Amino acid sequence: MIACPCEVCHSADPRDKRLRTSALVRVEGSGSGSGSGSGSGVRAEGSGMNIVIDAGPDFRTQMLAANVMQLDAILLTHEHKDHTGGLDDVRAYNYFYHKPVDVYATERVQAAVRRDYAYAFDSEHPYPGAPEITLHTIDKRPFSVGRQGEKGDPAVEVIPIQGLHNKLPVTGFRIGKLAYLTDFNHIEESEIEKLRGVEVLVVNALGHNPHPTHFNLEQAIEVARKVRANRTYLTHISHRMGFYAEQEPRLPEGIHFAYDGLTIEI
Ligand SMILES: [Zn+2]
Ligand SMILES: [Zn+2]
Ligand SMILES: [Zn+2]
């Protein structure tokens with residue numbers, strides 16, 4: 001946290017360094033023989049798809065750090081700037097691929113994106129070099145993402161999971177055996193049902209104390225217990241959670257703190 005004198009903010013442990021919450025979901029295509037190439041970056045050629053969940057102000061830093069050469073879609077959970085503030089930087093993908101980037105969001109989130117990036121949606125006076133974004137409307141229904149038909153890749157099915165972030169509706173996403181929920185502080189049982197059978201659950205846990213807009217640790221663990229994924233990773237963690245090295249061993253079995261750069265294979 002900027003200007004925070006606390007020990008966690010000044011920790012030397014890289015697992016205590018947290019950029020804004022985001023995830024890259026790499027879906028391997030049928031034709032890809034190799035992995036996502038941890039050392040060589042997330043390559044552009046071959047089949048498979050790269051889907052990014054949320055593009056906060058650290059999007060550029062994160063895409064550079066993970067060497068993401070190809071971006072097929074961005075899914076937005078909600079309109080808060082820590083989840084949308086990096087969208088201007090899709091310009092690099094526009095430049096190299098000569099096409100807009102596909103962004104999936106609800107109508108309400110789209111309205112915020114159009115407002116925040118008005119210069120990118122001014123079709124009367126298009127500004128040269130402005131980010132090019134194609135907005136796709138999502139709601140409660142499953143949708144598919146991707147380059148159907150291209151290189152024989154099947155589209156990737158995404159199941160939206162509804163939640164509340166205080167009074168603001170927020171969307172989580174299930175992609176195959178992965179579910180990703182951030183900025184939730186409430187989830188209905190009917191939505192938990194949609195998470196049955198996930199292998200990996202990612203869920204937000206801000207800190208130890210109750211909070212009006214985010215699950216705290218106890219509530220996130222409760223959600224994890226209901227979902228019963230093999231592995232649960234906690235994200236959107238604040239400095240108030242404490243040191244990773246001290247807190248991680250205290251978590252129940254199968255539940256872990258996520259950290260920047262963590263890679264999970266399913
Ligand atoms: Zn701090
Ligand atoms: Zn938020
Ligand atoms: Zn947030």
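Read the numbers this way: they start at 1 and go in the same order the structure lists the ligands and their atoms. The residues of the chain are indexed from 1 along the displayed sequence. Since the model is a prediction, treat every value here as computed from it, not as a measurement. In what follows, every heavy atom counts, from backbone to side chain, and hydrogens, waters and symmetry copies are set aside.
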Please tell me whether N185 and H211 have a donor and an acceptor in their side chains that are separated by less than 3.5 angstrom.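 Result is no, nothing qualifies.
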Side-chain H-bond candidate by donor/acceptor type, D183 with H83, under 3.5 Å: yes
Among the N, O or S atoms that H239 has, which is closest to the Zn ion (ligand 1)?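 That would be atom ND1.
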Within rounding of 10°, what is the angle whose vertex is the Zn ion (ligand 1) and whose arms end at SG of C6 and SG of C9?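 The two atoms subtend 110° at the Zn ion (ligand 1).
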Looking at R20 and D82, is there a salt bridge between them, counting it only when a charged N and a carboxylate O are closer than 4.0 Å?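 So D82 does not pair with R20 through a salt bridge.
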Sidechain N-carboxylate O distance under 4.0 Å for E222, R225: no
Nearest-0.5 Å distance that lies between atom CG in L164 and atom OG1 in T213: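 It comes to 11.5 Å.
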Is there an N/O/S atom in H78 at a distance below 2.8 Å from the Zn ion (ligand 3)?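 Given the 2.8 Å cut-off, H78 does not count as a ligand of the Zn ion (ligand 3).
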Examine I161 and I221 and state if one hydrophobic cluster contains both, with Ile, Leu, Val, Met, Phe, Trp and Tyr joined whenever side-chain heavy atoms are less than 4.5 Å apart. yes
Using 2.8 Å as the threshold, say whether any N, O or S atom from [X] sits that close to the Zn ion (ligand 2).
X: D183; result: yes
X: H83; result: no
X: H214; result: no

N/O/S from H10 sitting under 2.8 Å away from the Zn ion (ligand 1):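 So H10 does not bind the Zn ion (ligand 1) by this criterion.
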D82: which N/O/S atom is nearest the Zn ion (ligand 3)?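 Per the distance ranking, D82 contributes OD2 as its closest N/O/S atom to the Zn ion (ligand 3).
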The atom name of the N, O or S atom in H165 nearest to the Zn ion (ligand 2) is NE2
Looking only at N, O or S atoms, find the one in H80 nearest to the Zn ion (ligand 2) and name it. ND1
Donor-acceptor pair, side chain of R18 and main chain of A258, under 3.5 angstrom: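 It does hold such a pair.
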